[in-house]
*Asks:* 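The structure is given below, and queries will be raised subsequently.
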Amino acid sequence: MKKLGAFGGALIAATSIMGTQANAQALTFDADGYIRLGYNYNSDREDETVPEFRLRVQPIATLAVTEDLSFGFGFQYQVDENYADGRIDFKNAQTNVPYVFARYEKYYAAFGNTDGAINRIPFRAGYEPGVTYPFNQASAVNFRYARLSWSGEASDVLYLGYGGFRDPFRAGVSISTEDRQIAPGGFETFDEEWSAYVSNGGDNYQLSIGYAEGREDQSLVMATAQYTLGDLSLSALLAQDDVEDESLSGTAYGMSARWQVSEPVRIEATYANGTADNDTEAYGVGASYQFENGISLRSGVFQQTNETIDRQIADIGLIYFF
């Protein structure tokens with residue numbers, strides 16, 4: 001009889017376990033993401049108005065061992081517009097490093113190219129106008145937290161958490177085992193070594209606080225709040241970041257709002273600023289109309305200002321989430 005070796009024995013054992021629990025198990029494949037198409041204006045760019053296209057897909061495979069226990073992995077695939085010739089650039093499409101995860105009841109663990117805890121704080125970004133999301137209410141936070149990279153290789157993050165997206169109580173902690181990701185144009189350094197957050201709320205509000213510690217005694221404390229009253233939703237952020245560059249260390253704050261004017265129409269606005277010498281003040285407003293097929297027509301106008309820049313941004317386009 002041919003010897004199967006350690007891998008073969010493990011495969012047989014796993015198959016046996018799967019066979020004894022066939023009714024509880026299911027291997028599923030899913031994918032989410034979005035596709036957008038439009039135009040973007042930036043007053044600081046040589047070609048001020050350029051076409052905008054992005055296809056972002058996140059395939060996920062999940063093996064449900066029991067009703068409460070599951071394992072899986074996921075990765076991201078992204079295609080962007082090539083501004084040089086105005087064509088969709090499938091040749092330079094990015095498939096990034098995957099992550100693996102395990103879920104038991106409301107407990108969740110992930111390792112690989114995934115977000116750290118501080119980047120998972122509910123309503124960190126708030127409500128974002130426009131179709132290309134040039135900035136959000138957290139834009140004045142200068143601490144570079146570990147996060148999922150949509151292109152190239154990313155930091156290895158180990159995340160442990162409790163609670164899902166719709167649970168009132170959520171919490172998590174993470175460590176970043178590497179401090180660099182490979183991004184277009186070179187390396188980007190992450191400040192974060194570890195972070196944690198806790199969040200609680202009710203039907204119409206959510207309160208959250210988190211802390212991150214980084215290399216060279218860098219740190220970040222961040223708090224967010226969200227409240228909904230009828231058709232109006234409000235979000236706010238307050239943070240204190242201490243980074244290597246003293247001109248970027250200080251208090252960051254931001255706020256955003258969403259008004260559901262009617263079932264298909266909504267208006268959003270955001271504002272971000274900080275007390276650091278080189279912080280950038282940013283604000284914008286946008287509107288959207290959602291068609292019955294799920295496609296949204298969105299547009300926004302934005303302003304960014306500091307000691308060296310005075311930038312105007314605008315966008316308009318269609319976006320579809322799947």
*Asks:* Quick one: pull up CD in Q304 and CZ in F135 and give me the separation to the nearest 0.5 Å.
*Replies:*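 These two atoms lie 5.5 Å from each other.
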*Asks:* Restricting to non-hydrogen atoms, name the atom on G250 and the atom on D241 that form the minimum distance, rounded to 0.1 Å.
*Replies:*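 For G250 and D241, the tightest heavy-atom pair comes out as O-OD1, 2.8 Å.
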*Asks:* Does a donor on one side chain sit under 3.5 Å from an acceptor on the other, for N136 and R124?
*Replies:*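 Result is no, nothing qualifies.
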*Asks:* Decide yes or no on side-chain hydrogen bond (donor to acceptor under 3.5 Å, both in side chains) for S256 and T270, but give the supporting numbers first.
*Replies:* CA-CA 4 Å; S256 62; T270 189; 4.9 Å; no
*Asks:* Answer with yes or no whether the hydrophobic clustering places L297 together with I295; edges join I, L, V, M, F, W, Y residues whose side-chain heavy atoms lie under 4.5 Å apart.
*Replies:*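 Yes; I295 is reachable from L297 via cluster members.
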*Asks:* Could you check whether any side-chain heavy atom of F169 comes within less than 4.5 Å of a side-chain heavy atom of D167, counting everything from C-beta outward?
*Replies:*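 F169 vs D167: side chains apart.
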*Asks:* When clusters are formed by joining ILVMFWY residues with side-chain heavy atoms under 4.5 Å apart, either directly or through shared neighbours, do V221 and L207 land in the same one?
*Replies:*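 No, V221 and L207 fall in different hydrophobic clusters.
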*Asks:* I need the minimum non-hydrogen distance between A138 and Y145, along with the two atoms involved.
*Replies:*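 Answer, listing the atom of A138 first, then Y145: CB-OH, 4.4 Å.
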*Asks:* Mind listing the closest non-hydrogen atom pair of D310 and D44 along with its distance?
*Replies:*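 Result for this residue pair: O-OD1, 4.4 Å.
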*Asks:* Can you check whether S176 reaches E193 side chain to side chain, under 4.5 Å on heavy atoms?
*Replies:*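 No; the side chains remain at least 4.5 Å from each other.
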*Asks:* Within a reach of under 6.0 Å around CD of E105, are more than 12 heavy atoms found that belong to other residues, nucleotides or ligands?
*Replies:*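 Counting neighbours around CD of E105, more than 12 heavy atoms of other residues, nucleotides or ligands fall under 6.0 Å, so yes.
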*Asks:* Between the side chain of D156 and the main-chain N/O of G112, is any donor-acceptor distance below 3.5 Å?
*Replies:*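 Such a contact is absent between D156 side chain and G112 backbone.
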*Asks:* Any luck finding a side-chain donor-acceptor pair between S247 and D245 under 3.5 Å?
*Replies:*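 There is such a pair between these side chains.
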*Asks:* When you measure from the side chain of R215 to the backbone of E192, do you find a donor-acceptor pair of N or O atoms at a distance under 3.5 Å?
*Replies:*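 Yes.
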*Asks:* Would you confirm whether S219, through its side chain, and A212, through its main-chain N or O, come within 3.5 Å as a donor-acceptor pair?
*Replies:*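 No, the answer is negative, given that no donor and acceptor are paired below the 3.5 Å cut-off.
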*Asks:* Have a look at L220 and tell me which of V141, N142, D242, V243 forms a side chain to side chain contact (heavy atoms under 4.5 Å, CB included) with it.
*Replies:*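 With L220 as partner, side chain to side chain contact (heavy atoms under 4.5 Å, CB included) holds for just one option, V141.
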*Asks:* Give a yes or no on whether the ring-centroid distance for W194 and Y211 is below 6.0 angstrom.
*Replies:*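 That pair passes the under 6.0 Å test.
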*Asks:* Indicate yes or no for a side-chain donor-acceptor contact from N119 to the backbone of G116 under 3.5 Å, with no hydrogens or angles considered.
*Replies:*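 The answer is no, because no donor-acceptor pair under 3.5 Å joins these two groups.
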*Asks:* Looking at side-chain heavy atoms only, is the closest gap between M222 and I121 below 4.5 Å?
*Replies:*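 M222 reaches I121 side chain to side chain.
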*Asks:* Does N278 form a side chain to side chain contact (heavy atoms under 4.5 Å, CB included) with E307? I'd like the steps, not just the answer.
*Replies:* CA-CA 7 Å; N278 286 338; E307 293 183 355; 4.3 Å; yes
*Asks:* Can you say whether the rings of Y107 and Y104 are parallel (under 30°), tilted (30 to 60°) or perpendicular (over 60°)?
*Replies:*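 It falls in the parallel class, under 30°.
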*Asks:* Establish, from distance only, whether the side-chain atoms of E281 and Y271 form a donor-acceptor pair under 3.5 Å.
*Replies:*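 On atom types as modelled, these side chains qualify, holding a pair under 3.5 Å.
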*Asks:* Does a salt bridge link R36 with E52, judged by any charged N lying under 4.0 Å from a carboxylate O?
*Replies:*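 Between E52 and R36 there is a salt bridge, with a charged N closer than 4.0 Å to a carboxylate O.
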*Asks:* Do S288 and E268 have side-chain N/O donor and acceptor atoms under 3.5 Å apart?
*Replies:*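 Looking only at side-chain atoms, E268 and S288 do not form any donor-acceptor pair under 3.5 Å.
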*Asks:* Do the side chains of Y205 and L232 join up, straight or via other hydrophobic residues, at under 4.5 Å, putting them in one cluster?
*Replies:*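 Per the 4.5 Å side-chain linkage, Y205 and L232 are not co-clustered.
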*Asks:* Counting heavy atoms not belonging to F165, are there more than 12 under 6.0 Å from its CZ?
*Replies:*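 Incorrect, the count does not exceed 12.
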*Asks:* Out of curiosity, L37 CG to I316 CD1, how far, rounded to the nearest 0.5 Å?
*Replies:*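 The distance works out to 11.5 Å.
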*Asks:* Would you mind reporting whether V157 and D115 have side-chain heavy atoms less than 4.5 Å apart?
*Replies:*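 Heavy-atom side-chain distance check fails, nothing below 4.5 Å.
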*Asks:* Answer with yes or no whether the side chains of Q137 and S139 bring together a donor and an acceptor at under 3.5 Å.
*Replies:*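 Side chains of S139 and Q137: no pair found under 3.5 Å.
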*Asks:* Report yes or no: do Q78 and R56 form a side-chain donor-acceptor pair below 3.5 Å?
*Replies:*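 Present: a donor and an acceptor within the cut-off.
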*Asks:* Look at the aromatic rings of Y99 and F101 and report parallel, tilted or perpendicular, splitting at 30° and 60°.
*Replies:*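 Y99 and F101: tilted rings.
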*Asks:* Indicate whether the side chain of D47 and that of N42 have a donor and an acceptor atom separated by less than 3.5 Å.
*Replies:*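 Short answer, no.
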*Asks:* One thing to verify: whether R54 and D80 come together as a salt bridge, which I'm taking to mean a side-chain N less than 4.0 angstrom from a carboxylate O.
*Replies:*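 Result for this pair is yes, salt bridge flagged.
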*Asks:* Indicate if Y227 and M255 have the same hydrophobic cluster label, given that clusters are the connected sets of ILVMFWY residues with side-chain heavy-atom separations under 4.5 angstrom.
*Replies:*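 Per the 4.5 Å side-chain linkage, Y227 and M255 are not co-clustered.
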*Asks:* Of all heavy-atom pairs between Y127 and S233, which one has the smallest distance, and what is that distance?
*Replies:*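 Heavy atoms of Y127 and S233 come nearest at OH-CB, 3.2 Å.
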*Asks:* Please give me the minimum heavy-atom distance between L238 and Y253, naming the atom from each residue.
*Replies:*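 Here L238 and Y253 meet closest at CD1-CB, 4.1 Å.
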*Asks:* If you measure from CZ on F321 to OH on Y34, what distance do you get to the nearest 0.5 Å?
*Replies:*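 Output value for this atom pair is 7.0 Å.
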*Asks:* Can a donor-acceptor pair be found, under 3.5 Å and without considering hydrogens, that links the side chain of S296 to the backbone of R298?
*Replies:*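 Side chain of S296 to backbone of R298, a donor-acceptor pair under 3.5 Å: no, none is there.
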*Asks:* Quick check for you: to the nearest 0.5 Å, what is the distance between T224 atom OG1 and Q206 atom CD?
*Replies:*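 CD of Q206 is found 8.0 Å from OG1 of T224.
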*Asks:* Does Y39 have any ring-ring contact (aromatic ring centres under 6.0 Å, His included) partners at least two apart in sequence or in another chain, and if so, which?
*Replies:*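 Y39 satisfies ring-ring contact (aromatic ring centres under 6.0 Å, His included) with no residue once adjacent residues are dropped.
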*Asks:* Just how far is it from atom CD1 of I209 to atom CG of N200, taken to the nearest 0.5 Å?
*Replies:*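 The distance works out to 13.0 Å.
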*Asks:* Go through the steps for Y77 and F75 under the test ring pair (Phe, Tyr, Trp, His ring centres under 6.0 Å), then give the verdict.
*Replies:* CA-CA 7 Å; Y77 173 82; F75 64 94; 8.2 Å; no
*Asks:* Should S174 and S195 be marked as a side-chain hydrogen bond (donor to acceptor under 3.5 Å, both in side chains) after you check the CA-CA gap, both sets of side-chain angles, and the distance that decides it?
*Replies:* CA-CA 5 Å; S174 66; S195 64; 3.1 Å; yes
*Asks:* How long is the gap from CZ on F143 to CD on Q218, to the nearest 0.5 Å?
*Replies:*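 Going from the CZ atom of F143 to the CD atom of Q218 covers 6.5 Å.
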*Asks:* When you look at N40 and R45, which way does the side-chain hydrogen bond (donor to acceptor under 3.5 Å, both in side chains) test go after all the steps?
*Replies:* CA-CA 11 Å; N40 175 274; R45 204 162 42 209; 2.8 Å; yes
*Asks:* Suppose we screen for side chain to side chain contact (heavy atoms under 4.5 Å, CB included). Which residues come up paired with N306, at least two apart in sequence or across chains?
*Replies:*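 By the side chain to side chain contact (heavy atoms under 4.5 Å, CB included) rule, N306 matches T280, T308, I309.
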*Asks:* Under 3.5 Å, is there a donor-acceptor pair linking the side chains of Q260 and S262?
*Replies:*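 Absent: no donor and acceptor within the cut-off.
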*Asks:* Same cluster or not: are V265 and Y320 linked, directly or through other Ile, Leu, Val, Met, Phe, Trp or Tyr residues, by side-chain heavy atoms under 4.5 angstrom apart?
*Replies:*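 In one cluster: yes.
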*Asks:* Apply side chain to side chain contact (heavy atoms under 4.5 Å, CB included) to residues F53 and V79 and explain how you reach the verdict.
*Replies:* CA-CA 8 Å; F53 173 88; V79 182; 4.2 Å; yes
*Asks:* If every non-hydrogen atom of V131 is compared with every non-hydrogen atom of L318, which pair is closest and at what distance?
*Replies:*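 Of all heavy-atom pairs spanning V131 and L318, the closest is CG2-O, 4.3 Å.
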*Asks:* Side-chain contact, heavy-atom cut-off 4.5 Å: F302 with V285?
*Replies:*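 Side chain of F302 against side chain of V285, heavy atoms only: no contact under 4.5 Å found.
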*Asks:* Between N204 and L229, is any pair of side-chain heavy atoms under 4.5 Å apart?
*Replies:*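 They are not in side-chain contact.
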*Asks:* A quick test of your reading: do over 12 heavy atoms of other residues, nucleotides or ligands sit less than 6.0 Å from CG of N293?
*Replies:*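 More than 12 heavy atoms, drawn from other residues, nucleotides or ligands, come within 6.0 Å of this atom.
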*Asks:* Without hydrogens or angle criteria, can the side chains of T114 and R120 be said to hold a donor-acceptor pair below 3.5 Å?
*Replies:*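 Their side chains do contain a donor-acceptor pair, which is all the 3.5 Å distance test asks for.
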*Asks:* I want to check something: taking the side chain as every heavy atom from C-beta on, are Y133 and D315 in contact at a cut-off of under 4.5 Å?
*Replies:*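 With C-beta onward as the side chain, the pair stays apart.
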*Asks:* What I'd like to find out is whether the side chain of T62 reaches to under 4.5 Å of the side chain of F71, using heavy atoms alone.
*Replies:*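 Heavy-atom side-chain distance check fails, nothing below 4.5 Å.
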*Asks:* Do T251 and Q240 get their side chains close enough for a donor-acceptor pair, meaning under 3.5 Å?
*Replies:*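 Looking only at side-chain atoms, Q240 and T251 do form a donor-acceptor pair, the distance falling under 3.5 Å.
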